[in-house]
**Student:** 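Before I ask anything, let me first share the structure, which is written out below as C-alpha cells.
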Amino acid sequence: MAKRDYYDVLGVPRGANEDDIKRAFRTLAKKHHPDANPGDKGAEDRFKEINEAYEVLSDARKRKAYDTFGYDGGAADGGMGARPGAGAGPFGDMGGSGMGDMFEDLLGGFFGGLGGRRRGREPGEDLEVGLELGLEEAFKGGERRITFPRTEICGTCSGSGAKPGTAPEPCKTCGGRGQIHVSQGFFAISRTCPKCRGRGVVIDSPCPGCRGSGRTRVERTLTVNVPAGVDSGMRVRLAGEGEPGLNGGPRGDLYLAVGVRHHELFEREGDHLMLDLPVRLSVAAAGGDVSVPTLEGSASLHVPSGTQPGQVFRMRGQGMPAVNRRSRGDLLVRVQVEVPRRLSRRQAELLRELEADGSPSDYESVERFEEKKRRFKPS
C-alpha cells in the first residue's frame, strides 16, 4: 500500500506546531493502540503508521528533511537515511531493535504514564468552560466571576500519591520502566505494565487525601476580565489556568466559550444591532421625532414625512463595540408603520379627505400595481 503523507496521517496542517502534533498523536495513538483493539489487524497497521509519522514530525531535523525532500529526505540529510545493516527507509532504522526503541520512546510515556523512559516536563491539558452573557453584559464587558472544576496537585503528598512519611517503590514487574516488552513477529511492542499500570512505581501506603493518585479534584473560582463586544462563538484564553502538567510541567490553558443570550429588543449582526421600531401612521405620514432605545439609554430619531413600512435608518456608533478595537457598530432602525385597528367615523372621513386631496404620485406602489393589473389578461 502506498505511503500516506505524514501530515495527513496525523490530521494536522503542514504549519502545525509541536504541541498540535503531539496532541494529534496522543488522540490517534490511544484510539488505535493494539491493547484497545485486540485482534484488529487494521488497528495495528494504523498504529504503526501513526507512530512512524510522529517519529518524523516530532523531530525538527527529520521534519525539515521530509518537508524538503519527502520520503527521499534521508539521502539528502547525511545520517538520516538508511545505514548499512539498518532497515530500509529515509528516516532511519525502522526494523529490529530500532523499532522496539522507537515504540519504547513514543508509546511508553503516552500509555504508561510515568513508565518507559522517563520523559521531561510536559504541559497539562487545556480546559474549556462555558460563559453565558446577556447582550448588555457583552456590550459593557468587564469582570466576571466563574467557578469550574479542575485538577490540583494533592497538598497532602505533594503529588507523590504516597502517605506522608513513605515513598513510592519501583515496580518489580517492569523494573520501574512502566512497560513490558512483547515480541510480535518482526516487531517488539511495548505494553503497559499490568502491575503498576504504567507508572513505574507502586504505592504500598496510599495518601489518604488523594487515595494514591497524587491529584485531587477541586472547584476553582476566578475573576476574569471579559472584553467589551464579545459575541457567541468567541473564546477567551486564560493562560496557565488549565490542568497541571506531567512531571512538574506547566499548566495548560483555560478557554472561556462565550455565548450571548437572545435579546427581546435587539437582533445582533456582527457589531451592528437591528431594532424593529413601531411608529404611528400619522408619524410615518407627516414626520416627527421618536424615542429609540439603545444599550446606553434613549436616543432621538427623526422620521421624515412619507416614511414607508420597512424603511431602515442608520444610527451610527450606537451598536456593539468591536473587540479590542475602538470602533463601534451601528444601530439599524427598521420602521414598522402601525395602522389603527379601529377608526371612528370622523377619523375615517378625515383619511378619505386626505387621500382625495393627494395625487397619484403620493401612492406610487398602488398606482404601479393598478397599471400592471390593467395589463394583466387571465388565460
Side-chain angles (χ1 to χ4, degrees), residues 18-19 22-23 25-27 29-31 33 35-36 104-131 143-181 190-226 235-257:
E18 183 180 345
D19 289 339
K22 184 179 296 183
R23 191 177 298 112
F25 169 73
R26 283 179 175 176
T27 300
K30 289 179 181 178
K31 179 179 179 181
H33 191 269
D35 287 349
E104 180 179 326
D105 287 342
L106 297 181
L107 306 183
F110 288 111
F111 294 98
L114 300 176
R117 294 183 178 178
R118 301 291 180 179
R119 297 182 303 175
R121 291 156 39 101
E122 290 194 5
E125 297 291 334
D126 296 335
L127 293 176
E128 183 172 284
V129 176
L131 179 64
E143 293 185 345
R144 296 289 181 276
R145 286 176 64 84
I146 60 169
T147 300
F148 61 98
R150 79 172 186 186
T151 303
E152 299 280 358
I153 300 298
C154 177
T156 303
C157 66
S158 300
S160 71
K163 182 179 179 180
T166 67
E169 297 290 335
C171 175
K172 296 180 180 179
T173 301
C174 63
R177 298 177 65 84
Q179 297 178 343
I180 57 176
H181 301 295
S190 297
R191 291 187 174 176
T192 302
C193 174
K195 175 67 175 177
C196 65
R197 298 182 180 180
R199 298 186 65 184
V201 295
V202 292
I203 299 173
D204 293 328
S205 301
C207 169
C210 63
R211 298 181 181 180
S213 68
R215 303 187 178 196
T216 56
R217 200 71 170 164
V218 300
E219 290 289 318
R220 168 77 164 157
T221 299
L222 288 176
T223 299
V224 300
N225 187 44
V226 179
R235 300 171 82 210
V236 179
R237 175 175 173 266
L238 302 175
E241 291 294 345
E243 296 284 26
L246 295 175
N247 302 327
R251 283 187 175 273
D253 298 331
L254 172 67
Y255 289 90
L256 303 182

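Because the structure is predicted, anything quoted here is derived from the model rather than measured.
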**Student:** Could you pull out all residues at least two apart from E241 that satisfy salt bridge (Lys or Arg N to Asp or Glu O under 4.0 Å)?
**Tutor:**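 Applying salt bridge (Lys or Arg N to Asp or Glu O under 4.0 Å) to E241 gives R150, R220.
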
**Student:** Would you say R215 and C154 make side-chain contact, with heavy atoms under 4.5 Å?
**Tutor:**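 The answer is no; the side chains never approach within 4.5 Å.
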
**Student:** Rounded to the nearest 0.5 Å, what's the gap from CG on L238 to CG on L222? Could you check?
**Tutor:**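 Output value for this atom pair is 7.0 Å.
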
**Student:** Please indicate whether E128 has more than 12 foreign heavy atoms, meaning atoms of other residues, nucleotides or ligands, lying under 6.0 Å from its CD.
**Tutor:**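 More than 12 heavy atoms, drawn from other residues, nucleotides or ligands, come within 6.0 Å of this atom.
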
**Student:** Please list, chain by chain and in numerical order, all residues satisfying salt bridge (Lys or Arg N to Asp or Glu O under 4.0 Å) with R145, sequence neighbours excluded.
**Tutor:**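 Partners of R145 under the salt bridge (Lys or Arg N to Asp or Glu O under 4.0 Å) test: none.
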
**Student:** Under 3.5 Å, is there a donor-acceptor pair between the side chain of E243 and the main chain of T151?
**Tutor:**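 Here the side-chain-to-backbone pair exists.
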
**Student:** Looking at residues at least two apart in the chain, or sitting in another chain, which of them share a side-chain contact (heavy atoms from CB on, under 4.5 Å) with T166?
**Tutor:**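 T166 satisfies side-chain contact (heavy atoms from CB on, under 4.5 Å) with A162, K163, S205 only.
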
**Student:** Quick one: side chains of residues 168-175, donor-acceptor pairs under 3.5 Å with protein atoms, not counting sequence neighbours, listed by atom name and distance.
**Tutor:**
none

**Student:** Determine the minimum heavy-atom distance between C210 and T216, stating which atoms define it.
**Tutor:**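 Scanning both residues, the minimum pair turns out to be CB-CG2, 3.9 Å.
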
**Student:** With a cut-off of 6.0 Å (strictly less than), are more than 12 heavy atoms of other residues, nucleotides or ligands near CD of E143?
**Tutor:**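 Count not over threshold, so no.
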
**Student:** Can you list the residues that meet the side-chain contact (heavy atoms from CB on, under 4.5 Å) rule with P194, with sequence neighbours excluded?
**Tutor:**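 Here the qualifying residues are I180.
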
**Student:** Which heavy atom of V202 sits nearest to which heavy atom of C196, and what is that distance?
**Tutor:**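 Between these two residues, the closest heavy atoms are CG1-CB, 4.1 Å.
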
**Student:** Which atoms form the tightest heavy-atom contact between D253 and A239, and what is the distance?
**Tutor:**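 So the minimum-distance heavy-atom pair works out to OD1-CA, 3.3 Å.
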
**Student:** So, using salt bridge (Lys or Arg N to Asp or Glu O under 4.0 Å) as the criterion, who are the partners of R144 when residues are at least two apart?
**Tutor:**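 Testing R144 for salt bridge (Lys or Arg N to Asp or Glu O under 4.0 Å), a comparison that skips the adjacent residues, returns E137.
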
**Student:** Taking all atoms of both residues into account, what is the closest heavy-atom pair of I203 and S160, and its distance?
**Tutor:**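 The answer is CD1-O, 3.7 Å.
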
**Student:** Checking the side chain of D126 only, and the main-chain atoms of L254 only, is there a donor and an acceptor separated by less than 3.5 Å?
**Tutor:**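 Pair absent, no side-chain N/O of D126 close to backbone of L254.
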
**Student:** A side-chain contact here means heavy atoms from C-beta on lying under 4.5 Å apart; do L131 and V236 qualify?
**Tutor:**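 Heavy-atom side-chain distance check fails, nothing below 4.5 Å.
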
**Student:** Identify the two heavy atoms, one from I153 and one from P244, that lie closest to each other, and give their separation to 0.1 Å.
**Tutor:**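 Result for this residue pair: CD1-CB, 4.2 Å.
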
